[in-house]
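The next block holds one structure in the form of structure tokens; read it before the comments.
All of these numbers come straight from a predicted model, not from anything done at the bench.
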Amino acid sequence: MNGPDIWHILLGNLGWGALPFVRAWRDPSVSELIGAAAGSVVVIGAVAVLALLTWAKAWRYLWTEWATSLDHKKIGIMYIALAGVMLTRALIEAVLIRTQQATAINAPGLVEPGHFAQLFTTHGSIMIFFMAMPFLTGLINYVVPLQIGARDMAFPYLNSVGLWLTVGGAALMMVSLVIGAFSTGGWSGYPPYTELAFNPGVGPDYWIWAVTLSSVGSTTAGINIACTIYKMRAPGMGWMRMPMFCWTSLCTAIMMIFAMPPLTVATLLLAADRYAGMHFFTNGHGGDMMNYVNLFWLFGHPEVYILILPAFGVYSEVVSAFSSKELYGYTSLVIATAAIAVLSFTVWLHHFFTMGQSADVNAAFGIATMAIGVPTGVKIYDWIWTMFRGRVRLTPPMLLSIAFMVTFTLGGFTGIILATPPLDYVLHNTLFLVAHFHNMLIGGLLYGLIAGYMYWFPKAFGFRLNERWGRISVVCWVAGFYLAFMPLYVLGAAGMARRTQEVFDPAFRPWLLIALCGAATLFAGLISLFVQLYVSIRDRHANRVPVGDPWDARGLEWSVAAPPPEWNFASIPHVGRLDAFYWRKRNEGAYHPADHYHDIELPKESACGVIIGVAAAACGFGLVWHIWWMAALSLFVIFVTTIARSFMRDVTKIIPAETVEAFDREWLAQARAAHPVPRQLEQSEINEGLAEWIA
């Protein structure tokens with residue numbers, strides 16, 4: 001066996017040309033230099049993190065307290081941290097996309113067409129699969145068990161596996177910046193463009209395996225969330241006594257269970273086309289590309305509501321808490337949530353009105369699309385009535401909620417336009433659709449996720465976030481959205497196609513420059529969030545809220561210390577009504593010791609989830625580059641780890657009753673010593689997590 005054969009066995013198709021630094025050396029164009037710079041940031045960032053952890057001697061702590069933890073709270077925080085990293089990359093790419101279009105008016109611009117296609121593919125893929133999904137899953141992971149009075153998720157080990165599969169998919173996304181290139185087929189990966197004959201590079205393979213890992217991880221999360229809410233609610237917590245965030249999380253979980261498998265099937269069949277010469281999606285060889293389109297959007301439209309429903313739940317919690325009022329129309333909100341979940345599976349075809357269906361089919365799906373706006377409107381009215389005559393405090397989460405109501409309603413109007421098949425036929429491939437899509441997902445999803453992060457941050461870490469920097473961030477997010485995307489409605493109506501790398505109409509220049517300013521403002525909003533976090537950590541001792549209820553909120557999550565202990569509740573609470581903790585506070589039933597303290601059984605830390613996630617990422621990398629021994633070895637490791645875990649019996653630990661009692665009584669002493677603060681002072685240093693109660 002000669003040398004080249006050995007190297008091919010060891011490294012597959014991997015060669016020096018896969019490195020962006022080598023490509024930039026051979027062709028020092030602006031496009032290649034930008035690619036090399038991006039790869040350098042990933043490498044330098046990874047090395048810096050490794051060096052910092054080594055210098056701080058934090059490896060053992062990171063491994064034992066976080067990576068291997070099965071505590072739902074820590075898993076939720078890790079999901080959100082992952083989303084923050086990926087959001088940073090995706091926003092940088094968004095700024096580069098807008099910069100390219102603003103500078104490429106009858107000119108080449110910064111990046112060549114293939115590089116531009118990679119940018120919009122990675123931006124869309126990251127924002128959907130590796131920002132939005134981990135962020136909402138992290139919020140649900142952290143909050144739902146606390147809201148329903150549970151100690152953990154139903155399947156803590158599966159929770160860890162889902163997290164690390166998602167991390168593995170995100171790692172493939174980041175590795176594609178350093179080794180090889182990503183797909184140019186868009187976030188939806190439509191064949192035939194992603195088939196081997198038209199796109200023989202490694203980009204579509206990176207997309208396939210990253211998305212597949214994310215899809216499988218999200219499916220496990222959906223199963224876990226649904227089972228947790230079905231089976232682990234506190235005694236007395238009937239369906240109509242659950243907080244609204246739990247209802248939206250339950251509907252989201254059910255949608256995950258049914259919507260994610262079609263995506264997994266679609267990506268695996270596309271992989272079979274590329275790797276095994278199948279023709280599932282090849283017209284003329286027994287396949288049909290429309291099968292892929294239907295499978296993808298059977299996932300893709302429920303996905304829109306998988307993303308938005310948890311945000312709706314956040315808005316319900318925030319609006320009620322910061323209006324000092326019971327949530328108006330609770331029953332109608334529950335019905336509207338369930339209606340949205342059901343209807344979301346009936347409208348997938350409106351994503352391809354332009355692909356040749358009959359007028360009758362298009363009309364049916366157009367009507368269904370308009371119908372789904374009705375329950376959404378019910379929610380908007382209920383939130384407005386909750387604020388009516390309430391003691392509204394314009395905190396950053398509340399400001400985001402109000403901005404959402406306005407922005408989302410405007411986006412809904414444009415959705416009605418696109419739900420009309422003849423109008424959609426004209427506007428579908430223009431920037432009008434891009435503006436609408438972002439109108440719903442930034443104004444609805446992202447505002448909600450950031451509001452939830454700000455709202456529950458004091459509960460998770462025991463200190464409040466800086467109010468001033470929070471307001472600065474809100475202004476940047478809201479102003480940036482309107483600057484970035486309202487011009488796209490004008491450009492789309494004027495005929496500018498989406499995914500355009502170079503523009504030939506100088507009349508578009510002013511609108512593109514405004515959109516670029518908006519993208520930069522959105523990025524400033526993200527930077528403001530990081531500054532807010534830094535300032536808040538720096539001043540954390542002055543802003544501690546150990547009692548755990550800084551907003552006079554209603555759910556059970558606010559009835560425990562901040563941050564909560566590993567076991568959540570010293571004794572499982574009994575629920576007699578909606579907003580049980582709020583009622584107990586007003587009837588002197590809060591902050592009392594348990595009648596009896598018992599030993600508590602919790603899941604023990606496990607490395608199996610980490611091993612499976614790392615092996616899955618390695619398997620994906622091996623499949624991308626045809627390093628067959630790596631792919632086979634990784635699959636073997638996953639199989640052995642899964643089997644070995646099934647034989648483990650020592651998988652729980654006991655927290656002694658004495659430990660639970662000591663922690664609980666110390667916290668109750670803090671609660672008794674704290675002074676309730678009025679609404680106007682809840683952002684001051686005197687707020688120790690005990691808000692003044694208003695009858």
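How far OG1 of Thr354 is from CG of Leu427: 11.5 Å, rounded to the nearest 0.5 Å. We find the CD1-CZ distance between Ile612 and Arg645 to be 9.0 Å, quoted to the nearest 0.5 Å. Distance check, rounded to the nearest 0.5 Å: CZ of Phe432 to CZ of Arg498 gives 12.5 Å. A distance of 6.0 Å separates OG in Ser69 from CE in Met78, rounded to the nearest 0.5 Å. Here the OG1 atom belonging to Thr337 is positioned 12.5 Å from the OH atom belonging to Tyr305, to the nearest 0.5 angstrom. Taking CD1 of Ile179 as the start and CG of Leu14 as the end, the distance is 6.0 Å to the nearest 0.5 Å.
Between Ala615 and Ile638, the closest heavy-atom pair is CB-CG1, 3.6 Å. Taking all atoms of both residues into account, the shortest heavy-atom contact from Tyr79 to Asn159 is OH-O, 4.3 Å. Met131 approaches Pro134 most closely through the heavy-atom pair O-CD, 3.4 Å. Here the shortest heavy-atom pairing between Ile148 and Cys246 reads CG2-SG, 3.6 Å. Summarising the geometry of Ala363 relative to Pro421, their closest heavy-atom pair is N-CG, 4.5 Å, with the distance given to 0.1 Å. Between Leu270 and Pro191, the shortest heavy-atom contact is CD1-CB, 4.4 Å.
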For this session: Any chance you could lay out the side-chain contact (heavy atoms from CB on, under 4.5 Å) test for Leu307 and Ile128, step after step, and finish with the verdict?
Result: CA-CA 8 Å; Leu307 300 179; Ile128 296 296; 3.8 Å; yes
For this session: Apply side-chain contact (heavy atoms from CB on, under 4.5 Å) to Leu269 and Leu295, showing your working.
Result: CA-CA 10 Å; Leu269 291 179; Leu295 281 170; 4.2 Å; yes
For this session: Mind running side-chain contact (heavy atoms from CB on, under 4.5 Å) on Asp288 and Phe281 for me, showing each step along the way?
Result: CA-CA 5 Å; Asp288 187 346; Phe281 307 126; over 6 Å; no
Problem set entry | Working for side-chain contact (heavy atoms from CB on, under 4.5 Å), residues Asp424 and His350 | CA-CA 9 Å; Asp424 183 77; His350 76 214; over 6 Å; no
Problem set entry | Chi angles and distances behind the ring-ring contact (aromatic ring centres under 6.0 Å, His included) call for Trp629, Phe636 | CA-CA 10 Å; Trp629 66 266; Phe636 179 74; over 10 Å; no
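Using modelled atom types, one finds a donor on one side chain and an acceptor on the other under 3.5 Å when comparing Ser332 with Asp382. When only modelled atom types and interatomic distance are considered, Trp207 and Ser125 share a side-chain donor-acceptor pair under 3.5 Å. Between Thr212 and Thr267, the side chains place a donor N or O and an acceptor N or O closer than 3.5 Å (distance only, hydrogens not considered). There is no side-chain donor-acceptor pair under 3.5 Å between Lys379 and Ser316. Looking at Asn362 and Tyr425, their side chains never bring a donor and an acceptor atom within 3.5 Å of each other. There is a side-chain donor-acceptor pair under 3.5 Å between Thr184 and Asn199.
Ring geometry for His438 against Phe485 counts as parallel: the plane angle stays under 30°, on a 0 to 90° scale with 60° as the upper cut. Trp628 and Tyr275 have perpendicular rings, their planes meeting at more than 60° on a 0 to 90° scale where under 30° would count as parallel.
A distance-only check finds a donor-acceptor pair linking the side chain of Thr376 to the backbone of Ile372 [under 3.5 Å]. Between the side chain of His301 and the backbone N or O of Ser344, no donor-acceptor pair lies under 3.5 Å. In terms of modelled atom types and a separation under 3.5 Å, the side chain of Asn283 and the main chain of Met289 share a donor-acceptor contact. Counting only distance, with no hydrogens or angles, the side chain of Ser218 and the backbone of Ser215 share no donor-acceptor pair below 3.5 Å. Checking side-chain atoms of Thr430 against main-chain N and O of Val426 turns up no donor-acceptor pair under 3.5 Å. The main-chain N or O of Gly189 is found under 3.5 Å from a side-chain atom of Tyr292 such that the two form a donor-acceptor pair. A donor-acceptor pair is defined here as one N or O able to donate and one able to accept, closer than 3.5 Å; such a pair exists between the side chain of Gln101 and the backbone of Thr500. Without hydrogens or angle criteria, Asn429 side chain to Ala497 main chain gives no donor-acceptor distance under 3.5 Å. Listed for the His436 side chain is a donor-acceptor partner under 3.5 Å among the backbone atoms of Gly411. A donor-acceptor pair under 3.5 Å is formed between the side chain of Asn294 and the backbone N or O of Met290.
The neighbour count for Phe345 CZ, taken as heavy atoms of other residues, nucleotides or ligands under 6.0 Å away, is above 12.
Ile229 has its side chain within reach of Trp239: a pair of non-hydrogen atoms, C-beta onward, lies under 4.5 Å apart. In this structure, the side chains of Arg89 and Leu177 come closer than 4.5 Å at one or more pairs of heavy atoms. For the pair Tyr206 and Thr122, the minimum side-chain heavy-atom distance is 4.5 Å or more. At a threshold of 4.5 Å between non-hydrogen side-chain atoms, the residues Glu317 and Trp456 count as touching. For the pair Phe404/Ile380, a side-chain contact is recorded, criterion being any heavy-atom separation below 4.5 Å from C-beta on. Between Met133 and Leu136, the closest side-chain pair of non-hydrogen atoms falls below 4.5 Å. Looking at heavy atoms from C-beta onward, His428 lies out of side-chain contact with Leu418 at the 4.5 angstrom threshold. At least one side-chain heavy atom of Tyr315 sits under 4.5 Å from a side-chain heavy atom of Tyr447.
Aromatic rings of Phe120 and Trp187 (six-membered ring for Trp) have centroids beyond the 6.0 Å cut-off, not under it. Note: Phe312 and Trp247 fail the aromatic proximity criterion, with ring centroids not under 6.0 Å apart. Between Phe352 and Phe365, the distance from one ring center to the other does not fall under 6.0 angstrom.
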